[in-house]
Every structure is written in C-alpha cells, then in structure tokens.
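Below is one structure, written out as structure tokens, with a few remarks after it.
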Amino acid sequence: MSAEEVRALMSAPGNEHLTWNTPLSEEHAAQLIAGCAPAPGARIADFGSGWGELLMRLVEAAPGSTGDGVETDPDAVARGRRLAGERGLADRVRFHEVPAAEYQGAGYDLAVSIGSSHAWPGGTPEALKALRAAVRPGGRVLFGDGFWEREPSPAALEGLGAEADDFSPLLGLVRQAEAAGLRPLQVTVADQREWDLFESAANIGRGERWALANPGHRLHAAVTEAVDARRTGYYGGYRGTLGLAYLVLGA
C-alpha cells in the first residue's frame, strides 16, 4: 500500500460535512462580511476559493455584485458551481480553474484569500502583495492566514509537519500586511471551538468516517493509523499553538 492511497481514501468522503474549509463559525463569518462591507455592484475575487461559500455570501450581501472564484481543485469547483446554481447565483459567481498566482484579474473592490498563502511562491508576503495589486485604490482585502499563538513545541511542529519559521506571531502577520501597503481595519482569530469543530469535521473526521463506513477494506488499518496520528498531532501537539487570523484590510 502507498501513502498516496491512504491519503486519497482519507479524503474520499470529500468536504460535504464542511460549510467552510477553514475554522469559522456562522457568527464569525457574518462579522467578516460586515467588516468587508461590499457595496452594491462590487466586484469580488476569492483566491483559493474552494467551493466559494464565503464568496457567495459576500455576493449575496451586495445587490448587483459579482464574484470570481479562483480554485484548482476540480471537485471543489464542481460543488461551487452546483451551489451557485441552487442559490440563483450562476450568472453572478464564476469559477476559474487556474492557480491563484497565475490569475490575471485586477481592479476588484474586494479580494479574498483564506488559508491559501501557500499558492504564491513567496508565501504570505507575496500573497499580500498580490492581493493588494488585485484591488483598486480604496478597495479592501480579506486575508486569512496561520500564526503562532505561542512558541511552538517540538510536538506541535511534528504534528503539523512544520518549521518554527513557517508562521509568525499575530503582530508579525499584521506587520506583513502593513508592509504590503495594507491597513488593518478588523483583526479577529478563530477561537478554540471553531478549531475543534473544523478538525473534527475535516482533517480527522474525513478519515474516521471513511474507516467506519469501510471496515473490511484492505487499507482500513492504514487509514485508522493515519487518523490516529492526525488526532495525536492535533490534541497532543498544535491545538492552541497554531492560530488562524482573519484580517480585513484597507488598500
């Protein structure tokens, strides 16, 4: 058996149990949308949009607005297009299956990127520069990225498969946004309940649901082992150490 087979099976149920592919509650999402304050007729782009739930809610909040979702995962794009059709947004929300760093759109009123800074070769600094370039003067950026809530322990780094310099403290993330020419208007972070629910539904939950549904599969033991390792990495490692910040920024 290969590690690739195990990873594929762990993600086999997909993300149907997730509203957002990020630690986020309904209340928190509403606060982000209010902070972005998209105006009627706004042009909105979401880089690494997934299935575009947040993008669609932003479009719904602004009559006559349009949204461009930039996403390379074909399954997420298919789900997004289906959801847009079901919500009567097929003519207002479009999906583009291209890498975020290659998308050429500009002049947006709002640019969004949640948990997708890795899509740019230079990571967070380059992502912020690209988002700044994508919006018109006076536009806004909604940027979600990881940060260290406290000094990471060896167990936290091992659980994430990360290095200590992969993230900065929250103030360091804010300073990177400022260095890109963006001004923080609203800064919030995912709380522990949001993180726990996200891990339970996503990274841990996908594999666990598959294992429960396929007890006789030849890879059942390997998937269960991988799920247990992920659970150990979270509860015994990076829980409470890795944070997710949401920055509403003025350009």
Side-chain angles (χ1 to χ4, degrees), residues 3-26 28-29 32-33 36 38 43-61 65-105 108 110-121 123-124 127 130-131 134 141-146 161 190 194-195 197-210 213 223 226-227 230 244 246:
E4 288 74 17
E5 284 182 293
V6 173
R7 283 194 293 269
L9 288 173
M10 284 183 67
S11 63
N15 291 310
E16 71 276 4
H17 291 263
L18 294 173
T19 301
W20 344 84
N21 196 19
T22 187
L24 188 65
S25 65
E26 290 285 340
H28 198 166
L32 295 178
I33 293 168
C36 291
R43 295 180 62 238
I44 305 168
D46 189 340
F47 296 82
S49 63
W51 51 90
E53 180 64 34
L54 186 56
L55 175 63
M56 284 185 269
R57 295 205 190 190
L58 286 162
V59 168
E60 288 171 333
S65 63
T66 58
D68 288 303
V70 182
E71 175 58 55
T72 57
D73 181 353
D75 292 334
V77 169
R79 179 183 178 188
R81 287 174 175 157
R82 175 177 58 80
L83 289 174
E86 292 173 355
R87 289 153 74 163
L89 297 173
D91 60 340
R92 295 173 59 193
V93 175
R94 299 173 298 174
F95 289 88
H96 310 268
E97 287 189 60
V98 297
E102 297 178 12
Y103 185 68
Q104 298 299 312
Y108 287 100
L110 171 63
V112 180
S113 178
I114 306 294
S116 296
S117 60
H118 60 275
W120 284 269
T124 297
L131 294 168
V141 167
L142 172 57
F143 185 63
D145 205 18
E194 289 173 310
W195 265 110
L197 289 173
F198 175 66
E199 289 286 345
S200 294
N203 298 318
I204 296 169
R206 278 193 297 255
E208 197 68 82
R209 288 190 296 272
W210 182 90
V223 170
V227 170
R230 181 76 191 208
L244 200 293
Y246 298 97

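Side chains are part of it too, since the values below use all heavy atoms of this structure and drop only hydrogens, waters and symmetry mates.
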Give me the ring orientation class for Tyr103 and His96: parallel if the planes are under 30° apart, tilted from 30 to 60°, perpendicular past 60°.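 Tyr103 vs His96 ring planes: tilted.
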In terms of the angle between their ring planes, are Phe47 and Tyr108 parallel, tilted or perpendicular, with boundaries placed at 30° and 60°?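 The arrangement is perpendicular - the two ring planes meet at more than 60°.
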Distance-minimising heavy-atom pair for [X] and [Y]:
X      : Y      : value
Ala134 : Ala111 : CB-CB, 4.4 Å
Val223 : Gly207 : CG1-O, 3.8 Å
Ala90  : Gly85  : CB-CA, 4.2 Å
Gly50  : Ala76  : C-CB, 3.7 Å
Pro23  : Tyr246 : O-OH, 2.6 Å
Ser117 : Asp145 : OG-OD1, 3.0 Å

Working note: Phe198 + Leu244, criterion side chain to side chain contact (heavy atoms under 4.5 Å, CB included); need CA distance, chi angles, decisive distance, verdict. CA-CA 12 Å; Phe198 175 66; Leu244 200 293; over 6 Å; no
Inter-residue atom distance [X].[atom1] - [Y].[atom2], 0.5 Å rounding:
X      : Y      : atom1 : atom2 : result
Asp46  : Ile114 : CG    : CD1   : 7.0 Å
Ile44  : Leu54  : CD1   : CG    : 9.0 Å
Met56  : Ser49  : CE    : OG    : 8.5 Å
Asp68  : Arg92  : CG    : CZ    : 12.5 Å
Trp195 : Thr22  : CH2   : OG1   : 7.0 Å
Ser113 : Leu131 : OG    : CG    : 5.5 Å

Flag if over 12 foreign heavy atoms under 6.0 Å of CD, Gln104: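 Not buried by this count: 12 neighbours or fewer within 6.0 Å.
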Would you indicate whether the side-chain heavy atoms of Leu18 and Arg206 approach each other to under 4.5 Å?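 Side chain of Arg206 against side chain of Leu18, heavy atoms only: contact under 4.5 Å found.
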Do Val227 and Trp210 make a side-chain contact, defined as non-hydrogen atoms from C-beta onward lying under 4.5 Å apart?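 Heavy-atom side-chain distance check fails, nothing below 4.5 Å.
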Is it the case that the side chain of [X] and the backbone of [Y] share a donor-acceptor pair, with hydrogens and angles ignored and the cut-off at 3.5 Å?
X      : Y      : result
Thr66  : Arg43  : no
Trp51  : Asp75  : no
Arg209 : Ala201 : yes

Tell me whether [X] is salt-bridged to [Y], with the criterion being a basic N under 4.0 Å from an acidic carboxylate O.
X     : Y     : result
Arg79 : Glu53 : no
Arg81 : Glu97 : yes
Glu26 : Arg57 : yes

Decide whether Glu194 and Ser25 meet the rule of one side-chain donor and one side-chain acceptor closer than 3.5 Å.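 Side-chain D/A pair, Glu194 to Ser25: present.
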